[in-house]
Amino acid sequence: MSKEKFLKAYEPGNFETEIYAAWEASGVFLPKGEPVENHSNRFSIVMPPPNANGNLHIGHGLTIALEDAMTRYHRLRGEPTWYVPGADHAGFETWVVYERELEKAGHTRFEYSREELYARVWDFVGEQRGNMELQLRALGVSCAWKDLTFTLDENVVRRVYTTFEKMWQDGMVYRGEKLVNFCTKHQTAFADIEVEHEDEKGYLWEIAYPLTDGEGEIVVSTTRPETLFGDVAVAVNPQDERYKHLIGKEVQLPLTKRTIPVITDEHANPEYGTGAVKITPAHDFDDFEVGERHDLPRVTVIGFDGKMLPIVGESYAGLSTIDCREKVLADLREAGLLRSEAEITHAVAHCYKCGTVIEPLLKEQWFVDTERLAAEAIRHLEADEIKFFPASKKQVLINYLKGLKDWNISRQIPWGIAIPMFQRADLYDGSDAATGDAEQQAPEWVFDARTELKEIEVGGVRYVRDEDTFDTWFSSAHWPMVCTNWEENFPNPFYPLNIMETGADILFAWVARMIMMGLYVTGEVPFYEVYLHGLVLDAHGKKMSKSKGNVINPMELVAKYGSDAFRLGILRGRSAGMNQAFSEDAVVAGRNLCNKLWNIARFVQGVVDEEAASLNQDDYSTDNLGEDWICRELDECRLLVETGMREQRFAEVVETLYSTIWDKYADWFLESQKLYKNVPLLQATLEMILTMLHPFAPFVTETIWQNLSWTEGMLISAEWPSRMKYDAISAEKFERLVIAVSEVRSTLQALSEAHKGHFGYGLLYGEDALVDDNSLLMQYLCKVPSIASCEGAPRGLRVALPNNELYLDVPEKVVRDYRSALEERILAVGRELDALNLRMSNPRYVERAPEELVEETRQQIAEKEGLIERLKGQLEVI
RNA sequence: GGGUUGUUAGCUCAGUUGGCUAGAGCGUCUCGUUUACACCGAGAAGGUCGGGGGUUCAAAUCCCUCACAACCCACCA
């Protein structure tokens, strides 16, 4: 590239694609150098895999901005750095999308075998693949593309099967008939965590169950009268005096011919409803447990299609639960058994995808016994082996793990990793009933990884594959292992990961499971740090959702403002774990910074071109105050960036860089360089700010680097800046000069406003060595037409500075017009002085506050007193 | 019902272990075409840091309490 490309404004679209291609082609995204065993000298991170067939949303944008900034920073520090990208088959999500397509085309899943469906979805995803990866590239992600892991890759499946087999052998996997959360629309069970509870209006009905001995009745409270066909008991609290005489009696179950017992159980709450509750173990989680305690039968009355089963009798069978409810209520009313109806609000479980009410149904499923896994995870968490950002999430996670229940890992959707379990054929369908002893003694279930086969033969016995697939979180739990090829590379120099960065909303679903699984398989925590980002809300702090129509597409922002601007904007003001509103203004500010940096580079390149003679110097020196000052400021900035990166405080790092580059480097240093032109220093300092900003704005910094005449190689693999050398006393002096210039400018502006004139006044100075030594710079920065010593005869308006003797050479008339402004200023300083005096007049302050603080206060009082004195003198002159 | 986190300028948000005059971006107002940049420069206005109480020489920061908001968890029929 050449300088001709240094156009006036930075146009990201002209460079980004080209720059990204150059990075990718150079191989710089792959880890460089020998990974060392000490994890502090290498950096590994894996991408939470975006949905392979989807588009990136704003949350991905934040994820990439964070992860890529970390990655680039560590790469610049010279550490072997490995950022592994991923793509998710997104089992249920993708299945829902595909099934919708299928339905649009007038088909249903039931027309196809599982193999056919799997193949069809595979093709469907294949068509979409690539979009997501292109979008990641547009965001500038510097990940090792050749190591991209798809969640259905062969090595992932192999790893998952190995773990599952180990769990099966360890007795941690079991087949159980339990109540599961079942979506009757999607025909699949869910883990507890996948179910959404919402408060809804409903009714609490009271229904009379007559005693079989004819001695009255017992009235139960229920929100689901249609499940009464599945009732197996009525429970009352053992402490409830009202019902003591009924315990052990039988009642007639209304609308049926069955009778059921009255039992006691703590579950019955005497305070709620009538205090008597019907027990339906097959359709209610509480009742299921009551049933277990009392060894009650489970009567299933609702099918997986959400319709009433034949067992409920001809007049109800086949009805939906809602229709059945209406009919039951009507019939009860007619029978005179419905005692009351009251509106209530209660939590109802819904499918998180389609909103269908979740039906608790009995189903045979595979479960993972989580007790051991959770206990081990808690042990390592309590030993502080993983550092959390924000720190508070660690305890939140421990609390969750303490209450963790067994994990249902069976899903009835074809798009996923098949569960490698086979059932003895005779038990599977009964059609091929076992005849011999050998068959009858064979185990009911066997583990076998040959899931591509529908049937297998083991020891002469025929087995049929379980049709279900794994919960995606079961395989995702292996993510850090599979992405780093933990098994093949053992001992793996990149495992455990340095950090896991992901959304705070999947702390339980994912982070918890990665920790449990990592410990179970490898014996080590899978990562040393966890950074959890919050939700990106819309501009008004509302959650983004398609239905609300407030979704912001990151790609549109990238197209409009550039990738760097988006990255700078999305990180601004965002801290770990917090849900924060998205601000397009912050992206605009990012865009402006990129343009500013671009013009800084144009200026520096211009000076370098002009002063060609002084080129090719290896090192810089500092020859005047501003140069020492900028070296000090840049070095301070570097330290703040390093600390901020260590502590994962990205918003602060960006803020620091922004103000250093703009408010210090451009506004003061470059302005003063228009007089002095220290070429080697300009070059060194520009390189430094480019390097420090590169993790956050990779494209513009690299583009500039490529366009500068003297730089070599690529910025992405440049060296992190080392310490700057400077004279601290000079730097301090420049700081005072800055204050003086600001005050002069401010006074000039106030004068012009008071007097409606333009401010072509000269500047005079008295006994002021600092100004005397730097008069040219003062004149230039203050934009005054002249500067001179007042030769012991001050005139005009004294500038209100405590440490400098400066006068603006203005006519007396103007000073008089300025009188009110001066009076105001005196009052303001007076107020400040009062506050300081108040502090000093408190003897306990002097006594207890640190000495340097007290000393500082004393100095300030002296300064303010001097200043006020001078201002008053000025007023008297007028 | 339990838990977590918020409430700081017109808007969106920073503010590390308590300590100089509480900051930024965007917006607003005034002035300005000084050849790096109008995606700019200079200057300015704007906040009793949600309310109340407490600890301290000193509180936006620590403690208590109230109000409001968001999110997460939860089987109360």
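We name chains A, B, ... by the order of the sequence lines, and we start the count at 1 in each one.
- Contact annotation for A/P850: base contact, defined as any heavy-atom pair under 4.0 Å involving a base atom.
- The salt bridge (charged side-chain N to carboxylate O under 4.0 Å, His left out) check on A/E735 picks up A/R632, with sequence neighbours excluded.
- Below the 3.5 angstrom threshold, one finds no donor paired with an acceptor across the side chain of A/Q580 and the base of B/rC13.
- Residues that satisfy the side-chain hydrogen bond (donor to acceptor under 3.5 Å, both in side chains) test with A/E584, not counting sequence neighbours, are A/K560, A/Y561.
- Listed by residue number, A/T223 are the residues of residues 223-236 of chain A with a heavy-atom contact under 4.0 Å to RNA chain B.
- In this structure, A/L853 places its CG atom 19 Å from P of B/rU56, rounding to the nearest Å.
- A heavy-atom distance below 4.0 Å to RNA chain B is reached by these residues of residues 568-577 of chain A, ordered by number: A/R572, A/G573, A/S575.
- B/rU21 and B/rA69 have their P atoms separated by 37 Å, given to the nearest Å.
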Could you run down nucleotides 70-75 of chain B 5' to 3' and tag each one B, S or - for protein heavy-atom contact under 4.0 Å? -SSSBB

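- Base contact: A/N269 has a heavy atom under 4.0 Å from a base atom.
- Between A/D663 and A/T643, the one whose closest nucleotide on RNA chain B sits nearer the 5' end is A/T643.
- Comparing A/T345 and A/A586 by the nucleotide of RNA chain B whose heavy atom lies nearest to each, the residue mapping closer to the 5' end is A/A586.
- For the strand RNA chain B, secondary-structure stems (runs of at least three Watson-Crick or G-U pairs, all distances below 3.5 Å) span B:1-7 with B:67-73, B:10-13 with B:23-26, B:28-32 with B:40-44, B:50-54 with B:62-66.
- At a threshold of 4.0 angstrom between heavy atoms, the contacts of A/A539 are confined to the sugar-phosphate backbone, with no base atom among them.
- In this structure, A/K596 has no side-chain hydrogen bond (donor to acceptor under 3.5 Å, both in side chains) partners at least two apart in sequence or on a different chain.
- For the pair A/E856 CD and B/rC20 P, the interatomic distance rounds to 9 Å; values are reported in whole Å.
- For A/T370, the side-chain hydrogen bond (donor to acceptor under 3.5 Å, both in side chains) test picks out no residue, with sequence neighbours left out.
- In this structure the side chain of A/V180 never reaches within 4.5 angstrom of the side chain of A/P360, judged on heavy atoms.
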What one-letter contact string describes nucleotides 32-45 of chain B from 5' to 3', where B marks a base within less than 4.0 Å of any protein heavy atom, S marks contact via sugar-phosphate atoms alone, and - marks no contact? --B-BBSBSSBSS-

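- A search for side chain to side chain contact (heavy atoms under 4.5 Å, CB included) contacts involving A/V829 returns A/R825, A/K864, A/L867, A/I868, A/L871, not counting sequence neighbours.
- Contact annotation for A/E847: no contact, since no heavy-atom pair falls under 4.0 Å across all strands.
- Among residue pairs with one or both ends in residues 276-287 of chain A, those qualifying as salt bridge (Lys or Arg N to Asp or Glu O under 4.0 Å) are A/D231-A/K278; sequence neighbours excluded.
- Taking atom C1' in both B/rG15 and B/rA24, the straight-line distance is 10 Å, to the nearest Å.
- A/E647 pairs by the side-chain hydrogen bond (donor to acceptor under 3.5 Å, both in side chains) definition with nothing, not counting sequence neighbours.
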